Amino acid sequence: QLQLVESGGGLVQPGGSLRLSCAASGFTLDYYAIGWFRQAPGKEREGVSCISRRGGSTNYADSVKGRFTISRDNAKKTVYLQVNNLKPEDTAVYYCAAAGPTVQDMCVMTKDSYAYWGQGTRVTVSS
(Lines give C-alpha, C1' and ligand atoms only; values in the text may rest on other atoms or scores of the structure.)
Protein backbone atom coordinates (compact mmCIF):
# COMPACT_ATOMS: atom_id res chain seq x y z
CA GLN A 1 0.00 0.00 0.00
CA LEU A 2 1.39 3.36 -1.03
CA GLN A 3 2.19 5.46 2.01
CA LEU A 4 3.84 8.82 2.63
CA VAL A 5 4.96 9.90 6.09
CA GLU A 6 6.19 13.39 6.84
CA SER A 7 8.48 14.31 9.73
CA GLY A 8 10.74 17.10 10.89
CA GLY A 9 8.25 19.75 11.81
CA GLY A 10 8.31 21.68 15.06
CA LEU A 11 8.43 25.03 16.78
CA VAL A 12 11.14 27.36 15.55
CA GLN A 13 11.96 31.03 16.00
CA PRO A 14 11.83 33.44 13.07
CA GLY A 15 14.98 33.09 11.02
CA GLY A 16 15.39 29.47 12.02
CA SER A 17 15.61 26.35 9.88
CA LEU A 18 14.13 22.88 9.68
CA ARG A 19 14.51 19.91 7.39
CA LEU A 20 11.25 18.21 6.57
CA SER A 21 11.32 14.63 5.34
CA CYS A 22 8.81 12.63 3.35
CA ALA A 23 9.37 8.89 3.58
CA ALA A 24 7.70 6.71 0.98
CA SER A 25 6.76 3.08 1.27
CA GLY A 26 4.74 0.58 -0.71
CA PHE A 27 5.75 1.88 -4.13
CA THR A 28 8.76 2.70 -6.30
CA LEU A 29 9.49 6.34 -5.61
CA ASP A 30 11.54 6.66 -8.81
CA TYR A 31 8.39 6.90 -10.92
CA TYR A 32 6.66 9.62 -8.95
CA ALA A 33 6.95 13.36 -8.79
CA ILE A 34 6.69 14.66 -5.25
CA GLY A 35 5.16 17.89 -4.12
CA TRP A 36 5.20 19.73 -0.82
CA PHE A 37 2.09 21.67 0.11
CA ARG A 38 1.10 23.57 3.21
CA GLN A 39 -2.12 24.65 4.84
CA ALA A 40 -2.28 27.45 7.35
CA PRO A 41 -5.26 27.84 9.70
CA GLY A 42 -8.26 29.20 7.84
CA LYS A 43 -6.51 29.08 4.48
CA GLU A 44 -6.54 26.78 1.51
CA ARG A 45 -3.81 24.26 0.92
CA GLU A 46 -1.14 25.75 -1.31
CA GLY A 47 1.78 24.40 -3.28
CA VAL A 48 5.22 25.11 -1.86
CA SER A 49 7.57 23.13 -4.03
CA CYS A 50 7.81 20.04 -6.20
CA ILE A 51 10.49 17.81 -7.65
CA SER A 52 10.35 15.55 -10.67
CA ARG A 53 10.90 11.83 -10.49
CA ARG A 54 14.61 12.02 -11.28
CA GLY A 55 15.15 15.37 -9.61
CA GLY A 56 15.89 17.10 -12.88
CA SER A 57 13.14 19.63 -12.46
CA THR A 58 12.05 21.59 -9.41
CA ASN A 59 9.55 24.37 -8.83
CA TYR A 60 8.96 26.75 -5.95
CA ALA A 61 6.25 29.13 -4.89
CA ASP A 62 7.38 32.74 -5.12
CA SER A 63 6.95 33.15 -1.37
CA VAL A 64 9.61 30.54 -0.60
CA LYS A 65 12.11 30.98 -3.42
CA GLY A 66 15.62 31.40 -2.09
CA ARG A 67 14.64 30.05 1.33
CA PHE A 68 13.37 26.53 0.68
CA THR A 69 15.20 23.73 -1.14
CA ILE A 70 13.66 20.46 -2.25
CA SER A 71 15.71 17.33 -2.88
CA ARG A 72 15.21 13.61 -3.11
CA ASP A 73 17.09 10.40 -2.52
CA ASN A 74 15.29 7.67 -4.43
CA ALA A 75 17.55 4.99 -2.97
CA LYS A 76 16.38 6.00 0.50
CA LYS A 77 12.83 6.56 -0.77
CA THR A 78 12.82 9.97 0.86
CA VAL A 79 12.18 13.51 -0.29
CA TYR A 80 13.42 16.46 1.73
CA LEU A 81 12.40 20.06 2.09
CA GLN A 82 15.06 22.25 3.66
CA VAL A 83 13.35 25.35 5.02
CA ASN A 84 15.56 28.26 5.99
CA ASN A 85 15.00 31.81 7.21
CA LEU A 86 11.55 30.87 8.42
CA LYS A 87 8.94 33.56 8.86
CA PRO A 88 5.76 33.58 10.97
CA GLU A 89 3.75 33.35 7.76
CA ASP A 90 5.36 29.97 7.05
CA THR A 91 3.41 28.53 9.96
CA ALA A 92 1.27 25.70 8.60
CA VAL A 93 0.85 21.98 8.36
CA TYR A 94 3.16 20.75 5.63
CA TYR A 95 2.12 17.83 3.45
CA CYS A 96 3.99 15.80 0.88
CA ALA A 97 2.16 14.21 -2.01
CA ALA A 98 2.98 11.87 -4.88
CA ALA A 99 1.95 12.16 -8.50
CA GLY A 100 2.38 9.23 -10.85
CA PRO A 101 3.50 6.80 -11.95
CA THR A 102 5.04 8.78 -14.78
CA VAL A 103 7.96 8.61 -17.17
CA GLN A 104 8.18 12.38 -17.50
CA ASP A 105 10.83 14.21 -15.54
CA MET A 106 8.70 17.16 -14.60
CA CYS A 107 6.42 18.33 -11.81
CA VAL A 108 3.63 20.80 -11.18
CA MET A 109 2.31 22.36 -7.99
CA THR A 110 -1.34 21.73 -8.68
CA LYS A 111 -3.09 19.87 -5.86
CA ASP A 112 -5.34 17.96 -8.22
CA SER A 113 -2.31 16.39 -9.90
CA TYR A 114 -1.41 14.51 -6.72
CA ALA A 115 -3.32 11.36 -5.83
CA TYR A 116 -1.41 10.26 -2.73
CA TRP A 117 -0.96 12.35 0.40
CA GLY A 118 0.72 12.08 3.75
CA GLN A 119 -0.80 13.11 7.06
CA GLY A 120 1.30 16.24 7.44
CA THR A 121 3.84 17.68 9.83
CA ARG A 122 3.23 20.93 11.69
CA VAL A 123 5.62 23.85 11.44
CA THR A 124 5.16 26.75 13.83
CA VAL A 125 7.32 29.85 13.52
CA SER A 126 7.06 32.04 16.56
CA SER A 127 9.24 33.92 18.99
Side-chain angles (χ1 to χ4, degrees):
Q1 183 176 353
L2 192 152
Q3 189 173 14
L4 298 168
V5 178
E6 303 93 334
S7 62
L11 173 63
V12 63
Q13 292 186 340
S17 298
L18 290 170
R19 188 174 80 157
L20 308 183
S21 297
C22 172
S25 63
F27 67 107
T28 303
L29 186 63
D30 308 46
Y31 290 98
Y32 288 78
I34 299 295
W36 280 97
F37 296 80
R38 67 185 180 186
Q39 188 165 17
K43 294 189 177 182
E44 290 196 2
R45 193 171 298 188
E46 63 174 357
V48 174
S49 181
C50 69
I51 187 166
S52 60
R53 58 179 285 249
R54 293 177 177 173
S57 177
T58 58
N59 289 303
Y60 297 92
D62 288 343
S63 59
V64 307
K65 279 181 182 176
R67 300 188 298 123
F68 290 14
T69 303
I70 193 169
S71 62
R72 64 190 293 158
D73 186 335
N74 286 345
K76 294 183 178 180
K77 302 186 76 171
T78 304
V79 177
Y80 305 97
L81 186 68
Q82 178 69 40
V83 297
N84 297 329
N85 191 20
L86 283 161
K87 305 176 181 181
E89 51 264 40
D90 294 318
T91 295
V93 177
Y94 284 70
Y95 300 89
C96 66
T102 179
V103 296
Q104 294 182 306
D105 197 29
M106 60 171 290
C107 70
V108 295
M109 292 194 298
T110 307
K111 294 192 299 289
D112 292 345
S113 297
Y114 292 82
Y116 309 100
W117 292 80
Q119 293 301 305
T121 185
R122 184 175 301 276
V123 173
T124 302
V125 184
S126 174
S127 55

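For clarity, every value in this text was computed on a predicted model and none was experimentally measured.
Looking at Q3, its side chain never comes within 3.5 Å of a backbone N or O of S25 through a donor-acceptor pair. With hydrogens and angles disregarded, a donor-acceptor distance shorter than 3.5 Å links the side chain of Y114 to the backbone of V108. Put simply, the side chain of T121 gets close to the backbone of G9: a donor and an acceptor are under 3.5 Å apart. Judged purely by atom type and a 3.5 angstrom limit, D73 uses its side chain to pair as donor or acceptor with the backbone of K76. Put simply, the side chain of T28 never gets that close to the backbone of D30: no donor and acceptor are under 3.5 Å apart.
Across all their heavy atoms, A92 and A40 have their closest contact at CB-N, 3.8 Å. When all heavy atoms are compared, the tightest approach of A61 to G47 is CB-O, 3.5 Å.
Under the 4.5 Å side-chain heavy-atom criterion for grouping Ile, Leu, Val, Met, Phe, Trp and Tyr, Y94 is connected to V12 within one hydrophobic cluster. Linking ILVMFWY residues whenever their side-chain heavy atoms come closer than 4.5 Å, directly or via other members, leaves Y116 and M106 in distinct clusters. No path of Ile, Leu, Val, Met, Phe, Trp and Tyr side chains, each step under 4.5 Å between heavy atoms, connects W117 with L2, placing them in separate hydrophobic clusters. Transitive grouping of hydrophobic side chains (ILVMFWY, heavy atoms separated by less than 4.5 Å) brings Y31 and L29 into a common cluster.
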Test side chain to side chain contact (heavy atoms under 4.5 Å, CB included) applied to Y80 and S71, step by step:
CA-CA 5 Å; Y80 305 97; S71 62; 3.6 Å; yes

Apply side chain to side chain contact (heavy atoms under 4.5 Å, CB included) to residues F37 and K111 and explain how you reach the verdict.
CA-CA 8 Å; F37 296 80; K111 294 192 299 289; 3.7 Å; yes

Stepwise side chain to side chain contact (heavy atoms under 4.5 Å, CB included) test for W36 and C50
CA-CA 6 Å; W36 280 97; C50 69; over 6 Å; no

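Contact check for V83 versus R67: no side-chain heavy atoms found under the 4.5 Å cut-off. The side-chain heavy atoms of V79 and I51, taken from C-beta on, include a pair separated by under 4.5 Å. Counting heavy atoms from C-beta outward, C22 and T78 have side chains that stay 4.5 Å or more apart. In this structure, the side chains of L18 and V123 come closer than 4.5 Å at one or more pairs of heavy atoms. Side chains of Y95 and L4 form no contact here, defined as non-hydrogen atoms less than 4.5 Å apart. Under the 4.5 Å side-chain criterion, counting only non-hydrogen atoms from C-beta, N59 is in contact with C107.
Note that SG of C96 is 4.0 Å distant from CD of E6, once rounded to the nearest 0.5 Å. In this structure, the separation between CZ on R72 and CD1 on I34 is 5.5 Å, given to the nearest 0.5 Å. From L86, atom CG reaches atom OG1 of T91 across 8.0 Å, with rounding to the nearest 0.5 Å. Note: K87 NZ to S63 OG = 8.5 Å, rounded to the nearest 0.5 Å. The structure places CD of Q82 at 12.0 Å from OG of S49, a figure rounded to the nearest 0.5 Å.
Heavy atoms from other residues, nucleotides or ligands lying under 6.0 Å from CD of Q119 number 12 at most.
Listed by chain and number, the residues in a ring-ring contact (aromatic ring centres under 6.0 Å, His included) with F27 are Y32 (sequence neighbours excluded).
If you check the side chains of S17 and N84, you find a donor sitting under 3.5 Å from an acceptor.
Applying side-chain contact (heavy atoms from CB on, under 4.5 Å) to I70 and the options V64, V48, L20, L81 leaves one that passes, L81.
For residues 38-58, the salt bridge (charged side-chain N to carboxylate O under 4.0 Å, His left out) pairs, not counting sequence neighbours, are R38-E46, R38-D90.
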